[in-house]
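Here is the structure we will look at, set down as structure tokens.
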Amino acid sequence: MPRVTTATDQQQHLAGPLSAAVAQLCVRLQSQVSARTAAGFREVLRRLSAPLQVAVAGRIKSGKSTLVNALIGRRVAPTDVGECTRLVTRFQYGTVDRVEVIFKDGRKQVLPFDATGMIPATLGLDFEQVSHIEAYLTNAVLRDLTVIDTPGLGSLDAASVARTEQLLGAAKPDEDEEESNDLDDTSRNAVAGAEAVLYVVTQGVRADDQQALAAFTAATASREAGPVNAIAVLNKADTIAPESVAGSDGDVWKAASLLAEKQAVSLKPRVADVLPVIGLLAETAESGGFTSADADALKQLAQLDDVTWEMMLVSADIFTTWECDVPSGTRLRLLEKLDLYGIGQAVEALRQDPDLTAGALRRKLLDASGLATVRARLDAVFRARADGIKAAAGLASVTALAQASGDLGERQRVHDAIEVLLAKPEAHALRLLEALTLVTSGAVAMPEDLAEEVLRVGGSADVGEQLGMQGRPQHELVAYALERAGWWRSFASFGATPAQSRVAHVVHRAYFLIWQQLRGNQG
């Protein structure tokens, strides 16, 4: 007899009240649906109580794995092209460090780390039978965030792309499944997708970047990536030639920032932002790769005369072959860890302050990498809204599971239960996320200025950002929120199409709730 999950079972580490409400809905519905759908609901419950799952995606050789290492703070993901870079690897919290190879038939095999503490680049197994890799690390970052490293999209073999698409929820279900009480492929795909994406681009945004972001879904209910659950980073920012970017004034970081702004416009509205970062520098500084011996070598280089130093920075070949007191092998090691830009930044810092310790120099390099800004944005876009993101993905999965059942009565019961949940004032955030997704995906056409407003109101958890009035006095925020609430209510009644009207009612209520919140703060 299929096991029914109880409310006590699912009261684990839920992200917040919205996730808890969706979990309670799943528990209540289990006895009212088929065994197959109930199995899917149990998987939704498991996902709701797990950390937010963020997929790091992008084209091959965009530096995804290097960035994963930087985010985790440990050099564990292989960065050289090999078998493991063609597999999906999930990095999650565990009480004991271990790596498990998961086979397509469900078998598991523990895999030892290599001599450097990384996942081996070569498995020594029948690669075609492998589904993915699960890496468990005693790492504080992973307590509330599961990081998923994916193969490159658009440029790898079909099998690797298929693995990535299945993880992202884009794989097509098999329509010829036999009846089973277990969680079938259709149901599994409905709950298997990552809930958010960190998309890695390099200097040029190409068509396959746009297509990959369009294909990304949180579960398989056509929830495309958008400003609620997607951020992009412009990696390898140090390789951008300043002269190729107007207005950069010869500064590499300024050029990268300007290019990231242009890319944000190109990828809009599929991502919340595009941020420049230097993954290699971040990985070295954050994962323990920068040593006191490296700092000593850089101090020696900082003592070279200006003419010699400028010549050495012209190219990697000149840097490693030019005659100086620092051995060529040491310089090659620095180049592999920091590249020329990072070496130049370190030497400049040491010339300004020769007494910098190795630890202080490492922090300077970390600052120069841009990782702190990426992490802050991840916190603002993902962690701060993990409850809403996970709850929305959970509801999408519940809906997909009901649709896959083929039972009209079951579909209606699930639909009615969801409508009751969404009618509650505390669940309005889910309505707003849904409205935002409809507008940004083009499912509901809106005039550009109104679409921008929906994006602003639904794309932030900060009231000042939602109103577009950061730093303004409280009384102005109160008045503006009430004014816009009235405008959207009028638009819903008199100027909108039926589809636009549904969105407008949601935006009206969002402004009204903001007004109530601000009034309460005044009181």
Side-chain angles (χ1 to χ4, degrees), residues 13 15 46-47 49-58 62-79 84-102 111 113 117-119 131-153 163-164 166-169 192-201 212-213 216 218 225 229-233 235 271-272 275 277 279-280 282-288 369-386 389-390 393:
H13 302 291
R46 186 192 66 78
R47 286 286 303 274
S49 61
L52 184 70
Q53 301 197 67
V54 179
V56 180
S62 59
K64 299 183 304 300
S65 298
T66 299
L67 190 60
V68 166
N69 289 334
L71 290 170
I72 294 174
R74 174 173 168 181
R75 198 163 187 270
V76 64
T79 55
C84 283
T85 58
R86 294 165 56 199
L87 290 170
V88 171
T89 304
R90 292 163 41 89
F91 295 92
Q92 54 195 307
Y93 182 79
T95 54
V96 177
D97 286 4
R98 71 184 189 279
V99 177
E100 292 181 353
V101 178
I102 311 299
L111 187 73
F113 293 97
M118 297 179 70
I119 296 172
S131 167
H132 65 283
I133 294 174
E134 300 274 0
Y136 298 87
L137 303 173
T138 52
N139 185 295
V141 172
L142 299 176
R143 282 186 178 274
D144 60 354
L145 203 70
T146 293
V147 179
I148 307 169
D149 193 9
T150 69
L153 290 169
R163 290 186 185 98
T164 304
Q166 184 172 20
L167 171 100
L168 297 180
E195 294 148 338
V197 64
L198 179 65
Y199 198 79
V200 184
V201 297
L213 278 167
F216 174 80
N229 67 340
I231 299 172
V233 293
N235 197 17
V271 298
L275 303 169
V277 70
L280 177 63
E283 180 195 57
T284 297
E286 190 71 343
S287 65
S369 73
L371 183 65
T373 302
V374 173
R375 278 187 167 153
R377 202 74 177 107
L378 285 172
D379 286 344
V381 176
F382 293 163
R383 277 195 171 94
R385 287 186 289 178
I389 292 172
K390 289 184 70 64

Problem - Side-chain donor-acceptor pair present, Ser65, Asp149, cut-off under 3.5 Å - result: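 Yes, Asp149 and Ser65 have a side-chain donor paired with an acceptor closer than 3.5 Å.
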
Exercise for the section: Quick one: list whatever passes salt bridge (charged side-chain N to carboxylate O under 4.0 Å, His left out) with Arg377, sequence neighbours left out. Expected result: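 Listed in chain order: Asp273.
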
Problem - Any residue meeting salt bridge (charged side-chain N to carboxylate O under 4.0 Å, His left out) with Arg98, in chain and number order, not counting sequence neighbours - result: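 Partners of Arg98 under the salt bridge (charged side-chain N to carboxylate O under 4.0 Å, His left out) test: Glu100.
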
Could you report the tightest heavy-atom contact between [X] and [Y], atom names first, then the distance?
| X | Y | result |
| --- | --- | --- |
| Thr150 | Ala57 | OG1-CA, 3.4 Å |
| Phe382 | Ala230 | CE2-N, 3.7 Å |
| Val141 | Leu71 | CG1-O, 3.7 Å |
| Asp97 | Leu137 | OD1-CA, 3.3 Å |
| Thr138 | Thr95 | CG2-O, 3.2 Å |
| Pro51 | Leu142 | CG-O, 4.2 Å |

Within this structure, what is the [atom1]-[atom2] distance for the pair [X] and [Y], rounded to the nearest 0.5 Å?
| X | Y | atom1 | atom2 | answer |
| --- | --- | --- | --- | --- |
| Lys390 | Leu52 | NZ | CG | 6.0 Å |
| Gln53 | Glu195 | CD | CD | 5.0 Å |
| Gln92 | Asn139 | CD | CG | 12.0 Å |
| Phe91 | Ile133 | CZ | CD1 | 8.0 Å |
| Ile231 | Tyr199 | CD1 | OH | 15.0 Å |

Handout entry: Exam field: side chain Asn235 to backbone Val200, donor-acceptor pair closer than 3.5 Å
Key =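 No: the side chain of Asn235 does not pair with the backbone of Val200.
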
Practice task
Mind running side-chain contact (heavy atoms from CB on, under 4.5 Å) on Val54 and Val147 for me, showing each step along the way?
Solution key: CA-CA 5 Å; Val54 179; Val147 179; 5.5 Å; no

Practice task
Please step through side-chain contact (heavy atoms from CB on, under 4.5 Å) for the pair Phe113 and Val99, ending with a clear verdict.
Solution key: CA-CA 7 Å; Phe113 293 97; Val99 177; 3.4 Å; yes

Problem - Set of residues satisfying side chain to side chain contact (heavy atoms under 4.5 Å, CB included) with respect to Thr284, sequence neighbours excluded - result: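 Side chain to side chain contact (heavy atoms under 4.5 Å, CB included) check on Thr284 returns Leu280, Phe290, Lys337, Leu338.
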
Problem - Identified side-chain hydrogen bond (donor to acceptor under 3.5 Å, both in side chains) partner of Asn69 from the options Arg75, Glu283, Arg74, Lys64 - result: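 The passing option is Glu283.
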
